[in-house]
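All residue numbers refer to positions in the sequence shown, counting from 1.
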Amino acid sequence: GGGGGGGGGGGGSTPTPAPTPAATTSPSPAPSATPAGSSPGTAPASTAGQAGSATPAPAPSSFKDGSLVRAEGDTRVYIVKRGVKELITSPADFAKRGLSWAKVQVVAGSSVSGLKDVLLVRVKGDPRVYVVKDGTKRLIERGDLLTGAGYKAADIVQIPKSELNSYRATALVKVAGRPEVYLVTGGQRQHIATGAVFAARKYRWDNVQEMSSAELNLYREGTLVSR
């Protein structure tokens, strides 16, 4: 299955934005395929419920690539890559990656919150820059969208093409704490009208990247995605 595509680079004429209807219904998250009693990235009850305190809080930068961590009192599990935390979206995702619950480190919350959750990447010889978050990659189509969002060229990490290809391409975004989901391509944002439209397009909820409202507003408002 695929989420929204990463989108090609901007260029050419831009369609005139059409006004969004006054009343639209935002997609509601589809029922999770996670087994009952679990939530995305949740450690099994036998692991999450174990007694014991968290290990001493290591500095976020001290986690080795491939480390599995969760904060004390939180069931979400992350894998650390290049100093960035990536959420394991479900027990099925955990199993698919061939990971071991026994290797999950329970650490102080400050150790997890101190990790970045976004990585800027590019491949050598390719000028395109992507935002990598929780297993997805989103193409930043223009330089002004990069700097306008507060990203810095110095933060861009060069990675092998094989690593870039391991991330799922997406152009689906939402603002944290808001239900509306948008498709961002060609320098514009298009509101996806309903959950039914989202499902009909075979989009995946774990392909939706969160961004700030300020970054979303860098994209011009486009036509409503209603079918």
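Screening residues 183-194 for salt bridge (Lys or Arg N to Asp or Glu O under 4.0 Å) gives R189-E221 as the qualifying pairs, with residues at least two apart or on separate chains. For residues 147-162, no residue pair satisfies the salt bridge (Lys or Arg N to Asp or Glu O under 4.0 Å) rule, not counting sequence neighbours. Residue pairs meeting the salt bridge (Lys or Arg N to Asp or Glu O under 4.0 Å) criterion with at least one partner in residues 95-117, sequence neighbours excluded, are E86-R97, D93-R97, D117-K133.
When all heavy atoms of G109 and A71 are compared, the pair lying nearest together is CA-CB, 3.7 Å. Of all heavy-atom pairs spanning G186 and R220, the tightest one is O-NH2, 3.4 Å. Between Q188 and G222 the shortest heavy-atom distance is OE1-CA, 3.5 Å. Closest non-hydrogen pair, K85 versus S113, comes out as NZ-CA, 3.9 Å. Minimum heavy-atom separation, R138 to Y219: NH1-OH, 3.6 Å. Residues R70 and V104 approach most closely at CG-CG1, 3.9 Å, considering heavy atoms.
By the 4.5 Å heavy-atom criterion applied to side chains, V225 and R201 are counted as neighbours. Side-chain contact between V84 and V132 is absent, with no heavy-atom pair separated by less than 4.5 Å. Using a 4.5 Å cut-off on side-chain heavy atoms (C-beta onward), L183 and Y203 make contact. Residues V112 and Y78 are in side-chain contact: their nearest non-hydrogen atoms beyond the backbone lie under 4.5 Å apart. The shortest distance between side-chain heavy atoms of L120 and L146 falls below 4.5 Å. Counting heavy atoms from C-beta outward, T185 and Q190 have side chains that approach closer than 4.5 Å.
The side-chain contact (heavy atoms from CB on, under 4.5 Å) test applied to S212 returns A214, E215, not counting sequence neighbours. Applying the ring-ring contact (aromatic ring centres under 6.0 Å, His included) test to Y151 and every residue at least two apart in sequence or in another chain returns nothing. Not counting sequence neighbours, the partners of V175 by the side-chain contact (heavy atoms from CB on, under 4.5 Å) test are R178, S213, L216. Residues meeting the side-chain hydrogen bond (donor to acceptor under 3.5 Å, both in side chains) test with D206, sequence neighbours left out: R204. Scored by the side-chain hydrogen bond (donor to acceptor under 3.5 Å, both in side chains) test, N217 finds no partners at all (sequence neighbours excluded). Every residue meeting the side-chain hydrogen bond (donor to acceptor under 3.5 Å, both in side chains) condition with E163, not counting sequence neighbours, appears here in chain and number order: R82, Y167.
Note that the CG atom of D134 and the CG atom of N207 stand 10.5 Å from one another [nearest 0.5 Å]. With rounding to the nearest 0.5 angstrom, the CG atom of L68 is 10.5 Å from the CZ atom of F63. With rounding to the nearest 0.5 angstrom, the CD1 atom of I156 is 10.5 Å from the CG atom of L119. Atom CD1 of I140 sits about 6.5 Å away from atom CG of L145, to the nearest 0.5 Å. Atoms CD and CZ, on Q158 and R122 in that order, are 5.5 Å from each other to the nearest 0.5 Å. Summarising the geometry, atom CG belonging to L224 is positioned 7.0 Å from atom NE2 belonging to H191; distances are rounded to the nearest 0.5 Å.
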(request) With side chain to side chain contact (heavy atoms under 4.5 Å, CB included) as the test, would you mind laying out the steps for V69 and V77 before giving the verdict? (result) CA-CA 6 Å; V69 300; V77 176; over 6 Å; no

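Using bins of under 30°, 30° to 60° and over 60° for the plane-to-plane angle, the ring pair F198/W205 lands in the parallel bin.
No donor-acceptor pair closer than 3.5 Å links the side chain of R128 to the backbone N or O of E141.
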